[in-house]
Amino acid sequence: MKQLMIGNEAVAAGLYDGGLGLVSSYPGTPSTEITEFLAKNDGIHSEWAPNEKVAAEVAFGASLAGMRAACAMKHVGLNVAADPLFTLSYTGVNGGLVICVADDPAMHSSQNEQDSRHYAIASKVPMLEPSDSGEAYLFAKSAFELSEKFDTPVLLRTCTRIAHSQSLVERTGREGGSIREYVKNPGKYIMMPGNAKKRHPVVEERTAALAEYANDCMYNRVEMGGTEIGIITSGCSYQYVKEVFGDSVSILKIGMPYPLPDKLILDFASKVDKLYVVEELDPIIETYVRSLGLSVVGKELFPAVGEFSQKTVADAFGVHSPASVTVDAAVPARPPMMCAGCPHRGMFYALAKNRITVLGDIGCYTLGAVPPLNALDSTLCMGASVSGLHGFNCARGREAETHTVAVIGDSTFIHSGITGLINISYNATNSTVIILDNSITGMTGHQQNPTTGYNIKGEPAAKVDLEALCRAVGINRVRVVDPYDIAACEAAVKEELAVSEPSVIISRRPCVLLKYVKTLPALAVDPEKCKSCKRCMGLGCPAISMKDGKARIDNTLCVGCGVCKQLCAFDAIN
């Protein structure tokens with residue numbers, strides 16, 4: 001029976017039906033749902049790992065033991081997992097190992113739009129790239145066989161549109177769930193220099209065999225139509241090309257972007273008058289096609305930034321495309337902002353009010369950078385706020401130490417902030433780190449993490465004691481504040497910045513969107529007392545607006561946090 005699935009659900013179904021025994025991941029949009037769907041299956045082990053490097057290493061351990069294993073992450077998560085990835089290429093696998101990576105062209109929820117195909121090329125690991133949910137299922141399921149056949153991990157690349165769009169999937173049942181025998185093999189799995197030198201030629205031989213396999217495999221196919229134009233494409237771009245041209249042009253659809261099929265490409269090129277490559281982001285396929293001595297048109301027509309659409313393809317080829325749907329009425333901009341009652345708002349207000357330099361991190365609290373708070377000075381990658389704070393203070397000395405902090409979420413701190421804090425302690429800058437503890441991994445949709453006390457299935461689990469952890473790495477000054485109390489936040493920040501030793505402030509209050517969080521009655525503004533000073537507007541709370549020259553609170557949004565009440569000098573908010 002066929003059923004509609006989003007791409008992430010299809011990948012999960014394919015991995016499960018392919019005999020998956022273990023999945024370990026760190027949540028990252030647009031990949032998160034893969035692991036969430038897998039966690040619904042009681043017959044396999046599912047977990048949230050502290051970060052993507054750990055997740056990949058857990059999956060390797062299961063593969064080494066003979067079990068089919070997987071991990072899932074977004075493109076920047078693959079940066080974190082790159083260390084084990086490159087050496088996994090040398091060791092190979094025992095049980096099949098699939099590493100799912102979801103790219104984010106147009107950066108819908110990411111700090112860059114890197115192209116993960118570069119990792120496949122650099123690590124010499126085969127990559128599969130589906131174009132819809134049906135292929136996502138088939139490619140994920142077959143990836144285990146490919147992994148075991150060629151003794152290699154396999155990268156499965158999707159993107160935002162594939163991960164979150166729906167198409168039909170026909171499941172074929174679970175296969176291959178048995179665990180392979182484990183045999184001790186130091187020469188294969190212990191990557192010390194003497195052994196690694198012997199494994200590198202094996203990788204090269206495998207790559208050559210995979211390149212030959214790519215010329216006649218299920219992942220790449222030719223769809224002959226008119227021969228005036230031949231288009232080589234992959235992923236989402238294939239769907240856009242089909243919608244614009246249908247069967248009027250010939251298409252070489254690439255489902256295995258590494259290694260690319262040389263003979264198949266040369267044969268396809270010989271059958272068409274003019275050759276084009278349509279691919280999002282970097283010219284990976286185009287560069288390879290040119291290396292074969294072929295004349296091809298690619299990035300001359302198509303941008304190397306953002307995601308494509310049917311219109312992108314139609315406009316590039318100069319063909320008519322149906323007009324986009326338009327709305328006559330002017331639609332006001334809706335910039336992203338922290339939710340009404342967000343526990344981070346009070347702390348950010350205190351920091352902005354006191355003109356503190358703030359090195360930010362990756363999470364929903366990054367929205368503290370937008371007006372009217374404008375509270376952040378930088379955001380780089382997971383954990384960089386803590387490490388960056390130390391470097392900033394080393395460069396600028398005591399002047400910076402008294403006016404600069406790092407902010408980092410509880411999940412991000414566990415992910416990669418701990419080592420930065422150890423560095424602060426060990427190398428002794430008088431740095432103040434603020435851990436924004438909202439008791440959940442918020443930005444990706446409320447996943448559990450090691451600080452929440454629950455595992456991926458919502459079952460009780462060991463809970464990291466942040467205060468004890470910070471003290472254990474050498475931080476003597478650790479204090480907890482309630483971010484709904486602005487005065488307490490201000491006092492804590494000023495006091496910790498003034499001391500001559502490292503310190504940590506834990507700003508602790510659960511995310512207001514968590515189901516167990518009880519909200520208070522909405523507040524209201526007394527228009528007779530309101531003096532239109534707009535001080536409450538400085539919070540950037542979506543529940544507060546100005547109407548007829550007076551502040552107004554939307555009682556459908558307000559959660560009664562009381563932060564705005566603390567700012568009103570005229571007692572107009574009650």
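It should be emphasised that the depicted structure is a prediction, and the values quoted were computed from it without experimental measurement.
With contacts defined as side-chain heavy-atom distances shorter than 4.5 Å, the pair E52/L78 does not qualify. In this structure the side chain of I34 reaches within 4.5 angstrom of the side chain of L15, judged on heavy atoms. In this structure, the side chains of L210 and M256 come closer than 4.5 Å at one or more pairs of heavy atoms. Residues M347 and V493 are in side-chain contact: their nearest non-hydrogen atoms beyond the backbone lie under 4.5 Å apart. By the 4.5 Å heavy-atom criterion applied to side chains, P153 and V93 are counted as neighbours. Between Y119 and Q114, the closest side-chain pair of non-hydrogen atoms falls below 4.5 Å. Looking at N51 and M382, their side chains never come closer than 4.5 Å, going by heavy atoms from C-beta outward.
Without hydrogens or angle criteria, S116 side chain to D103 main chain gives no donor-acceptor distance under 3.5 Å. Not one N or O on the side chain of E401 forms a donor-acceptor pair closer than 3.5 Å with the backbone of S500. A donor-acceptor pair is defined here as one N or O able to donate and one able to accept, closer than 3.5 Å; such a pair exists between the side chain of K74 and the backbone of T29. A distance-only check finds a donor-acceptor pair linking the side chain of Q239 to the backbone of S131 [under 3.5 Å]. Looking at T412, its side chain never comes within 3.5 Å of a backbone N or O of I408 through a donor-acceptor pair. Checked by atom type and distance alone, the side chain of R117 never pairs as donor or acceptor with a backbone atom of Y258 at under 3.5 Å. A donor-acceptor pair under 3.5 Å is formed between the side chain of D115 and the backbone N or O of D282. With Q447 contributing its side chain and W48 its backbone, the two residues share no donor-acceptor pair below 3.5 Å. Using modelled atom types, no side-chain atom of T158 and backbone atom of A163 make a donor-acceptor pair closer than 3.5 Å. Distance alone, capped at 3.5 Å, is enough to place a donor-acceptor pair between the S147 side chain and the T152 backbone.
Results of the side-chain hydrogen bond (donor to acceptor under 3.5 Å, both in side chains) test with T441 over T452, T32, N449 single out N449 as the only residue that passes. Partner of N438 under the side-chain contact (heavy atoms from CB on, under 4.5 Å) criterion, chosen from P483, S507, C511: C511.
Sorted by first and then second residue, the side-chain hydrogen bond (donor to acceptor under 3.5 Å, both in side chains) pairs involving residues 366-376 (not counting sequence neighbours) form an empty list. Among residues at least two apart or in separate chains, ring pair (Phe, Tyr, Trp, His ring centres under 6.0 Å) pairs with a member in residues 355-385 are H344-Y365. Identified under the side-chain hydrogen bond (donor to acceptor under 3.5 Å, both in side chains) test for residues 382-397, with sequence neighbours left out: D361-S385, H390-T429, N393-S431.
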- Task: Determine, stepwise, if the pair S503 / R479 fulfils side chain to side chain donor-acceptor pair (under 3.5 Å).
- Result: CA-CA 8 Å; S503 61; R479 63 195 293 177; over 6 Å; no

- Task: Please assess D410 against T451 for the test side chain to side chain donor-acceptor pair (under 3.5 Å), listing each intermediate value before the final yes or no.
- Result: CA-CA 7 Å; D410 51 327; T451 73; 3.1 Å; yes

- Can V203 and Y90 be said to form a side-chain contact (heavy atoms from CB on, under 4.5 Å), step by step? CA-CA 6 Å; V203 173; Y90 276 43; 3.8 Å; yes

Solution key, residues 348-359 side-chain donor-acceptor pairs under 3.5 Å, sequence neighbours excluded:
unit_1, atom_1, unit_2, atom_2, d
K353, NZ, E490, OE2, 3.0
N354, ND2, A350, O, 2.8
N354, ND2, E490, OE1, 3.1

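Note on ring orientation: taking the six-membered ring where Trp is involved, the planes of Y26 and H415 are perpendicular (angle over 60°, cut-offs 30° and 60°).
S46 approaches I456 most closely through the heavy-atom pair O-CG2, 3.4 Å.
Not counting sequence neighbours, D42 has no partner by the side-chain hydrogen bond (donor to acceptor under 3.5 Å, both in side chains) test. In this structure N427 satisfies the side-chain hydrogen bond (donor to acceptor under 3.5 Å, both in side chains) test together with N423, sequence neighbours excluded.
Ion pairing between a basic and an acidic side chain is recognised when a charged N comes within 4.0 Å of a carboxylate O; E467 and R508 show such pairing.
Remark: the E47 side chain and the S24 side chain contain an N/O donor-acceptor pair separated by less than 3.5 Å.
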